[in-house]
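All values reported here derive from a predicted model rather than from experimental measurement. For the numbers below, each heavy atom of this structure counts, side chains included, while hydrogens, waters and symmetry mates do not. This chain uses plain numbering: 1 for the first residue, then up along the sequence.
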Amino acid sequence: MADILDQRKYVEKVCPRCKSVRLEEAFRVASSNTPPNVIYSPLASAEKQIRILKISSGFQDQPLECILEPVFLEDAQYTALSYCWGAGTNRMDIEVNGQSIPVTRNLENALRGLRKADRDMVVWADAICINQQDSAEKSVQVGMMGNIYAKATEVWIWLGQAADNSDFAMDYIRDIKSLDFEDPNYSPPLGTWKAIKMLWGRPWFERLWVVQEALLARKATFNCGQQSVDFDFFITLKEFHMKYRRNPDPRLASMQFHLSSPFGVALWDWNKLKDQQSKGGIPLFEMITMTGKAQCFSPVDKVYGILSVCQEVDRRVVQIDYDVCICCLLKRLALYMLLRREAVSPLLVLQTHQSNKTQSLPSWVPDYTVDDEEKHFVIPDVEGCTPFSAGANNAAWTNLGLPSFPFPGRDGQNNIGESLNSLQIKFEDEITFETLMIPGLIVDTLKSVYPSPFEPNDEFDAGSDLEEEQRRTGLRRSTFVAAFKEWEHNIQRDLPDDCNPYEGAAGRTEAFWRTLIADHEANYPPKRPVGNDFADRFEAWMGRSDREKDEAYTRHFSNAAIMICLNRSFVTTSNGYLALVPRLTVPGHLVCVLRGGNVPFILKSREDGYFELVGEAYVHGIMDGEFVRSAQKDDVRVFKIR
């Protein structure tokens, strides 16, 4: 670590909220002989002033000469650059305002690609146009990026230099709309889709910031080497690939592989996202979930890097401040999520992003800097669906002596503390917000824990073809069948007949197969409860029916069970309940119902009287408020979760 610190320049920062001290790598914007203030004059942020970069005309082999000058955003005409910064250790010098400044090689290549031989070009590029060493300016300018990209005459996407048959791939994508994949005489030219896969694997498609940069564009083009293709052709490419990649026709065999990336996830619903963004913005939680695998340099940018396309209330409450540490940002965001979802499912914030945390956080605070790979116990409140309601309703809790609550504050303007107190959710210390206090009930204690046989596979495995995918799917299904049979045997062995809340042996059998799928379908919308025909599908999948070879029949159950059980554990409780819980759960953890939660939660009891949140749970038999309605006033307690 000492060697790394010696090679890089770091600056010490103090969080204005928690006063913690951290080291951050400094971004070099000038040579050692040129202080930043020689290049960067202060901006009038209150008047929405930005800087633009004028690239002087020149030929390919000539040095880059640029002028950086401040302008008012409303008067500016420019092209906005969307690119991957590239390795900070691989830099080139360019001339800006007569001074030599270092930029990454990829940015230098992009500026050369933008330069014209016969005229100057006016460009906005974040690494140069924002003083990266000034946190205050950076906070303001990043907050304006929505307007900056929306105002640009064009968003110029730079994928990098020509390589790996990229010219061939770009030519094919440019012609994609004219191709007839249904024509039995058509097959893609040899090497086409291999070249496209290599192009799709470039770093730009992995980057977080590019999602909002492309969404905000009035016009966008992909550029690679000397080739340029309109953005819409890449949307068509994705649509065609998704439609035909599973086609068994040998003439389309070259398409049978994953063409996925973090940006590709956004392309699946691009038109919907564009429509949402143009009509008031995309919900912040939806953007966080969609961009979970996308990469960025700073952890805070997992939030700041998507805010420009989010709803106005999100941008108002989650203010961009690069002096604030990631832990304080995530706590603030968790508080806001509690507030925003109060009238629907206030404790949904406790269900997601709780596994694989990389930040030092209170257990109740989600870590939105890491991808959330789990399939959560969340059923939308839409026609044909019945959401879980383990926390029952207002009346059930008032019968237990708690006051009734209204639902204020959904516009994000109310005081967070007051709004949460309407649910009797409080904080032990409303300065640090370390300890969340929630009324609830202890349901039971976990007895036996059986982890599922697979961790979730990486869906972005670009190397797997259709045959390999089918092989892995078959292996996964057979492994889960073996695991389920083992769990079934363990229940019969470990749970006595008098330890059964499910109406006899038949009731326990039904509870078992319903638990494996959390009693809802895998399709959208996920209807619950499922019909009794799922019992027959379960038996067939287990090999105990004459339809065991009918994959089309068993798939309804097997797909749901594998999706739900991945990265979870099947458990039994001291009183005989069957449940699915987070994989990190161990015997002795508590099953609890918290007021405001649609699902039960697993808590770890500490010796000091506090609790730690482990995660959400599906507990068959209490998912519709049954336990709350049968509880007594003396059963209610306040959980201090930290």
Taking Ile288 as the fixed residue, which of Leu333, Asp372, Thr352, Thr369 is the one that meets the side chain to side chain contact (heavy atoms under 4.5 Å, CB included) rule?
Leu333
So CD1 of Ile157 and CG of Asp230: to nearest 0.5 Å the spacing works out to 10.5 Å
Any chance you could measure Lys138, atom NZ, to Ile130, atom CD1, to the nearest 0.5 Å?
8.0 Å
If we ignore hydrogens and angles and just use 3.5 Å, is the side chain of Thr104 paired with the main-chain N or O of Trp85 as donor and acceptor?
yes
Separation of Thr79 OG1 from Gln77 CD (nearest 0.5 Å)
9.5 Å
Candidate pair Cys129 and Ile50, rule side-chain contact (heavy atoms from CB on, under 4.5 Å), full reasoning:
CA-CA 8 Å; Cys129 295; Ile50 65 170; over 6 Å; no
Once rounded to the nearest 0.5 Å, what's the spacing between atom CG of Leu584 and atom CD of Gln354?
11.0 Å
In plain terms, say whether Lys151 and Glu74 are close enough for a salt bridge, that is, a side-chain N and a carboxylate O under 4.0 Å apart.
no
Would you compute the distance between atom CG of Leu347 and atom CG of Asn598 and round it to the nearest 0.5 angstrom?
8.0 Å
Least distance between heavy atoms, Ala390 atom then Val593 atom
O-CG1, 3.4 Å
Under 3.5 Å donor-acceptor, Glu213 side chain and Val155 backbone:
no
What do the steps show when you test Asp275 against Lys272 for side-chain contact (heavy atoms from CB on, under 4.5 Å), and what is the final call?
CA-CA 5 Å; Asp275 185 62; Lys272 172 193 168 187; 5.7 Å; no
Could you tell me if the side chain of Leu208 sits less than 4.5 Å from the side chain of Ile306, heavy atoms only?
yes
Within-4.5 Å side-chain heavy-atom neighbours: Ile52 and Glu69
yes
For the student: nearest non-hydrogen atoms of Ala518 and Tyr618, plus distance:
O-CE1, 3.4 Å
Using a strict cut-off of less than 4.0 Å between a Lys/Arg side-chain nitrogen and an Asp/Glu carboxylate oxygen, indicate whether Lys177 and Glu239 qualify as a salt bridge.
no
Quick check: does any side chain N or O of Glu434 sit under 3.5 Å from a backbone N or O of Phe427, one acting as donor and the other as acceptor?
no
Qualifying residue, where the test is ring-ring contact (aromatic ring centres under 6.0 Å, His included) with Trp204 and the options are Phe222, Phe234, Trp158, Trp156:
Phe222
Please answer whether the main-chain N or O of Met144 pairs with a side-chain N or O of Lys48 as donor and acceptor at a distance below 3.5 Å.
no
Go through the steps to decide whether Arg568 and Val581 satisfy the test side-chain contact (heavy atoms from CB on, under 4.5 Å), and finish with yes or no.
CA-CA 6 Å; Arg568 288 199 170 91; Val581 300; over 6 Å; no
Taking the side chain as everything from C-beta on, heavy atoms only, tell me whether Phe240 gets closer than 4.5 Å to Leu259.
no
Are the side chains of Leu81 and Leu53 in touch, meaning some heavy atoms are under 4.5 Å apart?
no
Is Lys293 salt-bridged to Asp371, cutoff N-O under 4.0 Å?
yes
For the side chain of Tyr304 and the backbone of Asp321, is there at least one donor-acceptor N/O pair under 3.5 Å apart?
yes
Aromatic contact, Phe639 with Trp364 (centres under 6.0 Å)
no
Cationic N near anionic O, under 4.0 Å, Arg207 to Asp301:
no
First locate atom CG of Leu43, then atom CG of Leu73, and finally report the distance between them rounded to the nearest 0.5 Å.
11.5 Å
What are the two closest non-hydrogen atoms of Ala150 and Arg218, and how far apart are they?
O-NE, 3.4 Å
Sequence neighbours left out, what passes side-chain contact (heavy atoms from CB on, under 4.5 Å) with Val14? Give chain and number order.
Val21
Side chain of Arg332, backbone of Val318: donor and acceptor closer than 3.5 Å?
no
Can any side-chain N or O of Asn223 pair as donor or acceptor with the backbone N or O of Thr221 at less than 3.5 Å?
yes
Do Cys565 and Ile562 come within less than 4.5 Å of each other through their side chains, counting heavy atoms only?
no
Assess whether atom NZ of Lys274 is packed by more than 12 heavy atoms of other residues, nucleotides or ligands within 6.0 Å.
yes
Any donor-acceptor N/O pair, Ser139 side chain to Tyr322 backbone, under 3.5 Å
yes
Lys357 side-chain N/O to Ser363 backbone N/O, donor-acceptor pair under 3.5 Å
yes
Tell me, with the steps shown, if Glu428 and Tyr610 meet side-chain hydrogen bond (donor to acceptor under 3.5 Å, both in side chains).
CA-CA 11 Å; Glu428 190 174 49; Tyr610 292 95; 2.9 Å; yes
Considering non-hydrogen atoms only, spot the tightest contact between His353 and Val370 and give its length.
CD2-O, 3.5 Å
Salt-bridge contact Arg316-Glu312 (side-chain N to carboxylate O under 4.0 Å):
yes
Got a sec, which residues hit side chain to side chain donor-acceptor pair (under 3.5 Å) with Asp269, two or more places apart in sequence or on another chain?
none
Is any side-chain heavy atom of Lys238 closer than 4.5 Å to a side-chain heavy atom of Ser260?
yes
Modelled atom types, side-chain donor and acceptor of Tyr83 and Asp126, under 3.5 Å
yes
In sequence, state the C-alpha distance, the side-chain angles, and the governing distance for Phe231 and Lys219, and then conclude on side-chain contact (heavy atoms from CB on, under 4.5 Å).
CA-CA 8 Å; Phe231 187 92; Lys219 177 189 178 194; over 6 Å; no
List in chain and number order the residues that pass side chain to side chain donor-acceptor pair (under 3.5 Å) with Lys604, two or more places apart in sequence or in another chain; answer none if no residue qualifies.
none
Given 3.5 Å as the limit, does a donor-acceptor pair link the side chain of Ser308 with the main chain of Gly146, or not?
yes
Do Leu216 and Met145 come close enough that some side-chain heavy atom pair is under 4.5 Å?
no
Side chains of Asp367 and Leu361: closer than 4.5 Å at any heavy-atom pair?
yes
Could you tell me which non-hydrogen atom of Thr432 sits nearest to which non-hydrogen atom of Lys331, and how far apart they are?
O-NZ, 2.7 Å
Aromatic plane relationship, Phe205 with Phe263 - under 30° parallel, 30 to 60° tilted, over 60° perpendicular:
perpendicular
At their closest point, which heavy atom of Pro439 faces which heavy atom of Trp397, and how far apart are they?
O-CH2, 4.4 Å
